[in-house]
Every structure is written in structure tokens, then in C-alpha cells.
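Below: the structure, in C-alpha cells.
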Amino acid sequence: MTLDRCEGLAETARALAAGEVTSRALVERTLARIEATQSGLNAFRIVRTEAALAEAEAADRELAADRDAASHSAHKPLLGVPVAVKDDMDVAGEPTAFGCCGEFPPVAEDGEAVRRLRAAGAVIIGKTNTCEFGQWPFTEGPAFGATRNPWSTDHTPGGSSGGSAAAVAAGLVPAALGSDGAGSVRIPAAWTHLVGIKPQRGRVSTWPRGESFQGITVNGTLARSVADAALLLDAASGNHERDPHQPPPLDVSRAVGRDPGRLRIALSLKPPFTAVPARLLPEVRTRVVELAERLAALGHIVEEADPPYGQIGLTFVPRATAGIAERVGEAPFPALLDRRTRDAARLGRLLGGAPLRAARRAEAVLHQRIGAFFTSYDVVLAPTTAAPPPRIGALLELSGFATDRAMIAACPYAWPWNVLGWPGVSVPAGFTPDGLPVGAQLLGPANSEPLLVQVAAQLEAELRWAEKWPSPPLTARSAAA
């Protein structure tokens, strides 16, 4: 069967509330789309067929009661809508393998982000594929195979939220949660022509971990439109009472469509300092500069300027590798882990004392120095990646050092905002001459999600990127061919 594309998140919620469709029918269609593409696209690690159908029937009863009472559940903005979550998030009754090999036991409770999606009425259709512990910008591994890009099935959708991105880009679900520790929402968003929001640290809880990967990883959203990405963000936002980071509440959806005024935008094309070379490829640079020109035509002041990153990379490595060491220490099957994972964990154990403490202390200095940049500029526009998506398998069998070199060369732009814990939004920037999607990211200081969403929505109104779909529609046969 060919892919029957879904409607957007907001439109689906509206149709359900109006009684134009039932949640059960939507979930059945979603399950059929997943089944038709799973052998080729391979977006999902777990499909919750029976549980999702039961959740849909419960949602239908609640929707019917709301219509009888002539008052839609405003407190449940996603009532009956099927969504997906990345397989690093706990869903009660399902295992959380996080890209690893082996049989994992089901967890007892939802993670806080999933709990909040359920409280908003969403039906959790399944858990999407991610590379091992979310380390790499590709979604492949012996635990589940390769997840493919709906725009070109020879290429990766990126990572580590590649399964979520592939599912949304192919129209299997209207939106999905991912997580972002070095660009893991924004990179696959760029490479699959999606909007990806990496919010302020703590905006979407990572509980049962108060901090994920020493605070560099946050949960975020992937959708085809800015409004849908913001809607899912608002639904998932909020904190567990024991979360160490609890930013002030925001209603990001309200910012969509609001005029941001005339902004000062810094076009930053220079990669932050890395230990190995990174170069912005011309086919990506052209698309990002075109986006900058579009912003200037909208009346914004755009000029080239780079945030004072300095040696920010020295603070990233201890936090990232210490986080991997923590995960490896908890892994039930350490012998099955990728050799690169075990090597990173060894480094993390070496850096987990004084270097890690110094890296954590440096964050305040970086906030002050890079924060001062935002007295001159309101927003930074930068490439999301330096290159288009690699081919499937291109990075899978490399050594640890070769993987790091390839990863930095392709993706040198996203990770500094993980160190800072500040928001970023990746938006589609168009396509390379070969037809591969690329993106640009809008970056701001603490709690700037509404402003970034305003700018992203301005661009979307001009470029109408949500109207573009992979063509021809993906089927199991065409993806496997």
C-alpha cells in the first residue's frame, strides 16, 4: 500500500474535537502507515498496536462526552491525537533500549514528558529508533538496522532522533518528541525538511533523570510546521517536582503568527572551534545565505557576526563523555555495546572528576560572555549542519576517532547551544542540487523560544515548506528497493 499521509497536529486535534473523525480510525490509519513502511523506512523500535487502540477508544469516549456537553476539553489539546516518542523516553509497560542491543525489561512508569503528553490527551503510538545512547548524527546499529530518510532512502535521516524525524517527514505521525544533546533534534530536522525545536534546558522534563548527559541533553519536538512543533512543545512542557532546572512557564504556541518587530540578526557562518577541521559546504552555505536574504527582505537587519564561542568545546567533551559513562555503567548488556561507546565511556570516567567540575563551572562564564552578544543582536542565524545527510552506512563501521572527525565535519554548529542550555529552532532551508534537505537554525538566549518561533513562523509564511513532501510517496517496496 502507498503511504496515506497524515494531517498536521493542530488540524488533527481540531477534526477530532469536531467529530469529523474518531481517534480509533486515526490510530488504525497510523498503524497501517507504519506497517506499510517499517520494512523500508524502519522508523520505529516499538509499535504499541493494542495499547494505542485501547487509548484511542478511551479518547473517543471522552471526546463524545465533551461534544455532548458542548465544551471541548481545553485542558487536553491533543485528545485522541496519535504521536510518537523517541526510544530514550520511558513509556509505562514498554522497554527503553535507547538504541542498544539486548532484551530490556518494561519500565513501570512514564517519564515526565510522556506523562504530560498523556495528560494532554495524546495517544502514544510507539517509540522511534535512535542510535546507541544517542551519540551520533545517524540512526543505525545492530540492535535495529538502519532508519532511512524519506527524501532519499539511500541516506540517513540524521540522528540521534532519526526515527522520530523519519516518521514525521514521511507522514506516519503528525509530530514526535526527540531529544537533543549535540543537535539530535535539530540535525535530523534539517536533513528531513522539518521544524525541530530544542527548548531551554528544563522546559520539557527529562525525568526520571533530573539531568541527562550532565545537563547537555534536552527533550524537544519535530513537526512539519512551526505551529505544530510549538503545540507539541507546550503539551510536553513542565517539570517534575524534583527537576533541578525549572524555567518559567511559556505559552510558545501563542507566539506563532505574532510580528516579532524589526530584529537584529547575526548571520554566523563560521563553525565554532573544534579540534578537527570543519568546513561549511557551498551547497549548504548557499541555502542559508538565501534564508538570511529572505529575513532581510522581511525588514530585519542582518549582518555577518559570530558569537564569541572561544574554547567552548573543552567544556562539552567532559560532560558528554561522563554522561555516556553513566549510561554504560547502567547498561544491562555492556558486552553488546559498540566499541566506540565503550571507548567514550572510558574517556568519560577519566574526565569525570576535576575536568567535569571545571566544565560545569565554565557554563556561567560562557553565559555571561555569549549572553553579552545578545545586547547587539536579537537572534543568531546559523547553518544547522555543514553538509547534507550522509549515505546509509557511511559512518557505521568507522573507528572512534574517524567517527568523531566525520561527525564534526558534518555537524559542527549545533552542540554549543547544548552547553549553554539555551533554545534553538531548526527550520528547512531548502535542498541541495541533488535534492537532499538542509536546514538553518535560529538561536537565542535563555527562554527565547517565543521570539525564535515568531521568526520561524515568518519564514514559513513566506516559504510554505510544510507543503513540500517526499516524492514519490514511500512504500515498503520502494524503500527496500
Side-chain angles (χ1 to χ4, degrees), residues 182-183 186-187 189-191 195-196 198 259-313 316 366-388 408-420 422-433 437-446 448-449 451-463 465:
R186 289 163 290 157
I187 292 165
W191 284 349
V195 177
K198 171 221 171 298
D259 185 355
R262 192 182 192 207
L263 301 177
R264 301 161 300 172
I265 298 176
L267 173 61
S268 178
L269 300 175
K270 180 181 177 182
F273 170 79
T274 54
V276 297
R279 183 177 70 89
L280 178 60
L281 296 186
E283 59 266 39
V284 181
R285 187 185 194 279
T286 297
R287 300 285 87 83
V288 176
V289 169
E290 286 174 351
L291 217 57
E293 292 169 347
R294 180 75 64 159
L295 287 167
L298 286 166
H300 301 298
I301 301 167
V302 182
E303 58 190 38
E304 289 199 36
D306 299 304
Y309 289 119
Q311 305 295 307
I312 192 172
F316 177 81
L366 291 166
H367 281 168
Q368 185 175 23
R369 187 175 75 225
I370 298 174
F373 186 77
F374 287 99
T375 62
S376 300
Y377 298 98
D378 300 299
V379 173
V380 173
L381 173 69
T384 305
T385 69
I408 291 168
C411 304
Y413 290 99
W415 57 269
W417 246 246
N418 295 91
V419 172
L420 297 166
W422 293 345
V425 179
S426 183
V427 298
F431 299 85
T432 69
V438 294
Q441 52 180 342
L442 299 161
L443 304 169
S448 60
E449 291 99 326
L451 178 61
L452 300 179
V453 160
Q454 286 175 332
V455 180
Q458 266 195 327
L459 286 168
E460 182 178 71
E462 292 279 315
L463 300 173
W465 53 60

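Here the structure is a predicted model, which means the values were calculated and not measured.
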**Prompt:** Which pair of non-hydrogen atoms, one from V380 and one from P307, has the smallest distance, and what is that distance?
**Reply:** CG2-CG, 4.0 Å
**Message:** Treating R186 as the side-chain partner and A414 as the backbone partner, does any N or O pair qualify as donor plus acceptor under 3.5 Å?
**Reply:** yes
**Any residue meeting ring-ring contact (aromatic ring centres under 6.0 Å, His included) with W422, in chain and number order, not counting sequence neighbours** = H367, W417
**Message:** Going by salt bridge (charged side-chain N to carboxylate O under 4.0 Å, His left out), name the residues that satisfy it together with R264, two or more places apart in sequence or in a different chain.
**Reply:** D378
**Prompt:** Listed by chain and number, what are the ring-ring contact (aromatic ring centres under 6.0 Å, His included) partners of Y377, not counting sequence neighbours?
**Reply:** F373
**Request:** Name all residues meeting the side-chain contact (heavy atoms from CB on, under 4.5 Å) criterion together with I265; count only those two or more places apart in sequence or in a different chain, and write none if there are none.
**Result:** L263, L295, H300, V302, V379, L381
**Request:** Just jot down the side chain to side chain donor-acceptor pair (under 3.5 Å) partners of S268, sequence neighbours excluded, or say none.
**Result:** D306
**Request:** For the residue pair D259 and Q458, establish whether any side-chain heavy-atom pair is separated by less than 4.5 Å.
**Result:** yes
**Prompt:** How many angstroms lie between atom CG of L291 and atom CD of Q441, to the nearest 0.5 angstrom?
**Reply:** 12.0 Å
Below 3.5 Å, can you tabulate the donor-acceptor pairs from side chains in residues 282-290 to any protein atom, sequence neighbours excluded?
from: T286; atom 1: OG1; to: P282; atom 2: O; distance (Å): 2.9
from: R287; atom 1: NE; to: E290; atom 2: OE1; distance (Å): 2.9
from: R287; atom 1: NH1; to: F431; atom 2: O; distance (Å): 3.1
from: R287; atom 1: NH2; to: E290; atom 2: OE1; distance (Å): 3.3
from: R287; atom 1: NH2; to: E290; atom 2: OE2; distance (Å): 2.9

**Asked** Who are the side-chain contact (heavy atoms from CB on, under 4.5 Å) partners of Q311, not counting sequence neighbours?
**Response** F273, L314
**Message:** To check you understand the geometry: which heavy-atom pair defines the closest contact between A386 and R279, and what is its length?
**Reply:** CB-O, 3.5 Å
**Fill in**
Scanning both residues in full, the closest heavy-atom pair of P428 with V195 reads CD-CG2, 4.2 Å
**Request:** Output all residues satisfying side chain to side chain donor-acceptor pair (under 3.5 Å) with E462, sequence neighbours left out; order by chain, then residue number.
**Result:** R294
**Request:** Compare every heavy atom of Y413 with every heavy atom of T384, then report the nearest pair and how far apart it is.
**Result:** O-CB, 3.8 Å
**Prompt:** Which residues satisfy the side-chain contact (heavy atoms from CB on, under 4.5 Å) test with T385, sequence neighbours excluded?
**Reply:** I187, W191, C411
**Item:** Shortest non-hydrogen contact between P423 and L452, atoms and distance
**Value:** O-CD1, 3.5 Å
**Request:** List for me each residue that meets side-chain contact (heavy atoms from CB on, under 4.5 Å) alongside A456, sequence neighbours excluded, and say none if there are none.
**Result:** V226, V425, V427, L442
**Asked** Y309: what forms a ring-ring contact (aromatic ring centres under 6.0 Å, His included) with it, not counting sequence neighbours?
**Response** none
**Message:** Can you give me the closest heavy-atom contact between P272 and P416, atom names plus distance?
**Reply:** CG-CG, 3.6 Å
